[in-house]
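All of these numbers come straight from a predicted model, not from anything done at the bench.
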Amino acid sequence: MAATGLACSSSFFGGWGSSVAGEDYAALAAAKTAAVQVRVGKPVRFRPMMKNVNEGKGVFAPLVVVARNLIGKKRFNQLRGKAIAVHSQVITEFCKSIGADGKQRQGLIRLAKKNGEKLGFLA
């Protein structure tokens with residue numbers, strides 16, 4: 001039995017014959033084969049954002065925000081960088097005194113950074 005010879009009542013306009021094998025199918029096939037031209041340029045590459053997930057949270061976050069607003073962002077970042085460098089040196093000296101290797105030292109520095117984020121020092 002051919003698709004055009006099938007007599008079936010339905011709710012859409014036309015019948016099975018006209019929708020599957022008729023003009024609708026031809027229009028669909030023509031629309032599908034029409035080439036769509038899309039201009040492909042250089043892909044946009046977003047820079048990764050180094051953002052603190054705990055920004056604004058933590059016990060010391062309000063104090064850090066007030067200090068940053070009082071002394072200015074540039075000067076604040078300079079002081080923060082110096083404080084982080086001194087803290088890393090303290091960790092390094094501690095690792096030397098107990099005989100920890102470089103991998104353990106790196107782990108302690110990462111732990112200090114995570115703790116600083118949680119407490120709000122890096123807000």
Quiz item: Which pairs pass salt bridge (Lys or Arg N to Asp or Glu O under 4.0 Å) with one or both residues in residues 73-85, sequence neighbours excluded?
Solution: none
Quiz prompt | CA sep, side-chain torsions, deciding dist, call: V64, F76, side chain to side chain contact (heavy atoms under 4.5 Å, CB included) | solution = CA-CA 9 Å; V64 170; F76 178 79; 3.4 Å; yes
Quiz item: Any idea which heavy atoms bring K113 and L122 closest together, and the distance?
Solution: O-CD1, 3.9 Å
Exercise. List in chain and number order the residues that pass ring pair (Phe, Tyr, Trp, His ring centres under 6.0 Å) with F60, two or more places apart in sequence or in another chain; answer none if no residue qualifies.
Key: F121
Self-check item: Residue pairs fulfilling salt bridge (Lys or Arg N to Asp or Glu O under 4.0 Å) with at least one residue in residues 102-111, sequence neighbours excluded
Solution: none
Let me have the donor-acceptor pairs involving side chains of residues 85-101, under 3.5 Å, with sequence neighbours excluded, atom names and distances please.
unit_1, atom_1, unit_2, atom_2, d
S88, OG, I84, O, 3.1
T92, OG1, S88, O, 2.9
S97, OG, F94, O, 2.7
D101, OD1, Q104, N, 3.1

